[in-house]
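This report refers to the structure that appears directly beneath it.
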Amino acid sequence: MTSPLDWIREAAATREVAGLTRRLATTKSGDGLDLAGNDYLGLRTHPAVIAGAVAATETYGTGAGASRLVTGTLDVHDELEAALADLTGAPSALVLSSGYAANLAALTTLADAGTLVVSDEHAHASLIDGCRLARAAVSVSRHNDVEHVAELLGRREVPRAVVVAESIYSVLGDAAPVEDLIALTAEAGAILVIDEAHALGVVGPRGGGLVAAAGQSGAEHVIVTGTLSKSFAAQGGTVMASPVVREHLVNTARPFVYDTGLAPAAAGAALAALEVLRDHPELTVRLHSNAARLAAACGVDAPAGGVMSVEMPGPFEAVEAVERARAHGIRIGCFRPPSTPDGTSRLRLTAHADHTEHDLDRACEVLAELTGSRG
Ligand SMILES: Cc1ncc(COP(=O)(O)O)c(C=O)c1O
């Protein structure tokens, strides 16, 4: 007797044979040294950030209770949006319930069937899904290849164009040619949607990201998206742009209009994290020096931000390295197809500002052994 779920079992068996099964591993408190997560500044357990979450919960309750357009816009959202705009120099900011939702909101409202989207081949899944939902024609550009972006834009036969990139790439950890993309899109009359999820709090002036570093935060055609779940140690996402774009999103972005407002605890925590970052710029300096040490141990170049990518021979080797690191009390991540568009398998490691000298000594020893960069 066949079951309507048979095809799902077959798909699972195919994944298993190819070494591509994803498995949930529950992280326990104090469960090894974290070189896999995205808490770049180490603020998730910072007393001031926890106090920010608690204070917002005590003031507003545990949930926003409704869409931002109904009763779900709280003072803490307004304060958080002002603080994000202050950090990046963006003219205005809007917060949503995740970075994923922020990318869906930006792309579904800025692109449509009359838009050509040119998207970098390493763009995050949330950007890809935003393009799909926008029903736009999508051309995929070679990674960080501005000439290819220009060539694809030149072939456009529809009225509008949007270029999609990340400023620091989530898997490869490299930086986009941000200034060139901003100049190219300005010249081509296109919008640039640039995801700074792995750049905010990590690079640029005061951790304001690479658009701020390029002095282009006020450029009207540049729309920055980001998450509150990485450097800002909370949950939620943001779109930062000119007030006209913010207003457009408030009125038309389905992931904003039809979604309950960001939970007060997340907003309060992110706001407090932004304050800690403002008062402690040395956190980003420490993050970079920790990243340089870990990169050297793995035999790769120091990364642009906090993400290091180490190519492995295949998916089984990548998973084995993750398991061996875990046995040493060290958490590292790996990416395998289909998460890697070029079909490679990679270890993904992240540096954190709060790792101690002792943590780093221990991690470097294990990483050098795992990646074969020593002896
Ligand atoms: C580049 C990028 N954009 C967006 C997201 C989604 O953000 P969130 O986790 O807040 O939904 C992530 C990762 O989580 C990411 O790496």
Pairwise side-chain contact, [X] with [Y], heavy-atom cut-off 4.5 Å (strictly under):
{"X": "Val239", "Y": "Val224", "answer": "no"}
{"X": "Leu43", "Y": "Leu283", "answer": "yes"}
{"X": "Ile194", "Y": "Val178", "answer": "yes"}
{"X": "Thr62", "Y": "Pro264", "answer": "no"}
{"X": "Leu262", "Y": "Leu96", "answer": "no"}
{"X": "Leu35", "Y": "Leu367", "answer": "yes"}
{"X": "Ser345", "Y": "Pro337", "answer": "yes"}
{"X": "Thr284", "Y": "Val203", "answer": "no"}

Exercise for the section: Indicate whether the side chain of Gln235 and that of Ser229 have a donor and an acceptor atom separated by less than 3.5 Å. Expected result: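 There is no such pair (donor and acceptor under 3.5 Å, judged by atom type) between the side chains of Gln235 and Ser229.
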Practice task
Return yes if a side-chain donor-acceptor contact under 3.5 Å exists between Arg254 and Thr108, otherwise no.
Solution key: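 Judged by distance alone, the side chains do not pair up.
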Practice task
Not counting sequence neighbours, which residues clear ring-ring contact (aromatic ring centres under 6.0 Å, His included) with Phe256? List them please.
Solution key: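 Residues passing ring-ring contact (aromatic ring centres under 6.0 Å, His included) with Phe256: none at all.
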Taking atom [atom1] of [X] and atom [atom2] of [Y], what is their separation to the nearest 0.5 Å?
{"X": "Arg206", "Y": "Leu87", "atom1": "CZ", "atom2": "CG", "value": "6.0 Å"}
{"X": "His198", "Y": "Asp174", "atom1": "NE2", "atom2": "CG", "value": "11.5 Å"}
{"X": "Glu179", "Y": "Leu184", "atom1": "CD", "atom2": "CG", "value": "13.5 Å"}
{"X": "Leu200", "Y": "Leu84", "atom1": "CG", "atom2": "CG", "value": "8.0 Å"}

Least distance between heavy atoms, [X] atom then [Y] atom:
{"X": "Ser92", "Y": "Ala241", "answer": "OG-O, 2.8 Å"}
{"X": "Val117", "Y": "Ala111", "answer": "CG2-CB, 3.9 Å"}
{"X": "Arg156", "Y": "Ala188", "answer": "NH1-O, 3.1 Å"}
{"X": "Asp195", "Y": "Gly226", "answer": "OD1-CA, 4.4 Å"}

So with a 6.0 Å cut-off around [atom1] of [X], is the heavy-atom count from everything else above 12?
{"X": "Glu187", "atom1": "CD", "result": "no"}
{"X": "Arg324", "atom1": "CZ", "result": "yes"}
{"X": "Glu121", "atom1": "CD", "result": "yes"}

Other ILVMFWY residues reachable from [X] by side-chain steps of under 4.5 Å:
{"X": "Ile50", "answer": "Val54"}
{"X": "Leu104", "answer": "Tyr100, Leu133"}
{"X": "Phe335", "answer": "Val171"}

Please list, chain by chain and in numerical order, all residues satisfying side-chain hydrogen bond (donor to acceptor under 3.5 Å, both in side chains) with [X], sequence neighbours excluded.
{"X": "Ser126", "answer": "Asn103, His124"}
{"X": "Ser97", "answer": "Asp259"}
{"X": "Asp361", "answer": "Arg293"}
{"X": "Asp6", "answer": "Arg9"}

Exercise for the section: Return each pair, listed once, that meets ring pair (Phe, Tyr, Trp, His ring centres under 6.0 Å) where at least one residue sits in residues 137-187; pairs must be two or more places apart or across chains. Expected result: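 Applying ring pair (Phe, Tyr, Trp, His ring centres under 6.0 Å) to every pair that reaches into residues 137-187, excluding sequence neighbours, yields His122-His143, His143-Tyr169.
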Residue list, side-chain contact (heavy atoms from CB on, under 4.5 Å) with [X], at least two apart or on another chain:
{"X": "Asp354", "value": "His352"}
{"X": "Ala269", "value": "Val49, Ala53, Ala234"}
{"X": "Glu147", "value": "Asp145"}

Practice task
Would you please test His248 and Thr109 for side-chain hydrogen bond (donor to acceptor under 3.5 Å, both in side chains) and show each step?
Solution key: CA-CA 8 Å; His248 180 59; Thr109 53; 4.5 Å; no
Quick test of your reading of the model: are [X] and [Y] salt-bridged, counting only N-O distances below 4.0 Å?
{"X": "Glu81", "Y": "Arg68", "answer": "yes"}
{"X": "Asp39", "Y": "Arg44", "answer": "yes"}
{"X": "Glu16", "Y": "Arg23", "answer": "yes"}

Practice task
Determine, stepwise, if the pair Ile168 / Leu210 fulfils side chain to side chain contact (heavy atoms under 4.5 Å, CB included).
Solution key: CA-CA 8 Å; Ile168 301 273; Leu210 288 185; 4.1 Å; yes
Practice task
Please check if Val163 and Val140 belong to a single hydrophobic cluster, counting links between Ile, Leu, Val, Met, Phe, Trp and Tyr side chain heavy atoms closer than 4.5 Å.
Solution key: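 Shared cluster, no.
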